[in-house]
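Fair warning: this is a prediction, and the values are worked out from it, not measured in the lab. Sequence lines set the chain letters: A, B, ... in the order given, protein chains first and strands last, and positions in each chain run from 1.
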Amino acid sequence: MSLIEQQLPSIPGKRYFTISETSGLCEVKQHVLRYWEQEFSQLRPIKRKGNRRYYQRHDVLLIRQIKELLYDNGYTILGAKQKLNADENSKQIKESAFKDIEQEVQELIDILD
DNA sequence: CTTCTGACA
DNA sequence: TGTCAGAA
């Protein structure tokens with residue numbers, strides 16, 4: 001989406017990534033990743049044996065997005081949270097709007113038949 | 001050897 | 001956010 005995102009290493013075709021790999025993939029320190037996990041409810045890597053974190057592609061993408069908001073567009077953590085929640089809401093709104101239109105189209109089709 | 005938690009600067 | 005200790 002943004003210029004900086006293009007510069008980060010592309011995500012390998014693996015399913016899970018250790019915190020070490022994720023840190024490298026996103027260029028965000030490990031302890032920061034753990035901290036963000038407390039701040040952003042959207043960020044929830046699955047935990048396995050020994051409480052080790054395993055991140056998936058969407059986690060990596062989310063982290064990159066958060067990093068972009070925080071480091072590149074001077075958002076505060078609170079602002080970034082609100083931004084992400086707003087995006088999530090508009091996404092849901094668009095989805096429900098799509099369903100409504102889909103419904104109306106179907107009704108028009110029925111009328112034409 | 002890597003990662004985790006908790007504590008403290 | 002950075003760093004360290006001690007455990008797993």
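- Of all non-hydrogen atoms in A/L33 and A/I19, the two that sit nearest each other are CD1-CG1, 3.9 Å.
- Residues A/L78 and A/I66 do not share a hydrophobic cluster, clusters being chains of Ile/Leu/Val/Met/Phe/Trp/Tyr side chains in contact below 4.5 Å.
- Note on A/Y71: only backbone sugar-phosphate atoms sit closer than 4.0 angstrom, heavy atoms only; bases stay farther off.
- The environment of A/K81 atom NZ is dense: over 12 non-hydrogen atoms of other residues, nucleotides or ligands sit within 6.0 angstrom.
- Listed for the A/E21 side chain is a donor-acceptor partner under 3.5 Å among the backbone atoms of A/T18.
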| query | Taking protein heavy atoms under 4.0 Å as touching, what does nucleotides 3-8 of chain C look like 5' to 3' if B marks base contact, S marks sugar-phosphate-only contact and - marks none? | reply | B-----
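- Annotation: proximity of residues 35-45 of chain A to DNA chain B (heavy atom, distance under 4.0 Å) is found for no residue.
- As judged by a 4.0 angstrom heavy-atom cut-off over every strand, A/R34 is placed among the base-contacting residues.
- Residues satisfying the side chain to side chain donor-acceptor pair (under 3.5 Å) test with A/D87, not counting sequence neighbours, are none.
- On the nucleic acid side, DNA chain B has its first and last nucleotide under 4.0 Å of a heavy atom of chain A at B/dT2 to B/dT5, going 5' to 3'.
- Here A/R48 pairs with A/Y16, A/I46, A/Y54 under the side-chain contact (heavy atoms from CB on, under 4.5 Å) rule; sequence neighbours left out.
- A/P45 and A/D59 get closest at one heavy-atom pair: CA-OD2, 4.1 Å.
- Of the possible polar contacts, one joining the A/S23 side chain to the A/V28 backbone as a donor-acceptor pair under 3.5 Å is found.
- Residues passing the salt bridge (Lys or Arg N to Asp or Glu O under 4.0 Å) test with A/K49: none are found, sequence neighbours excluded.
- Ion pairing between A/E27 and A/K67 holds under the 4.0 Å rule for side-chain N and carboxylate O.
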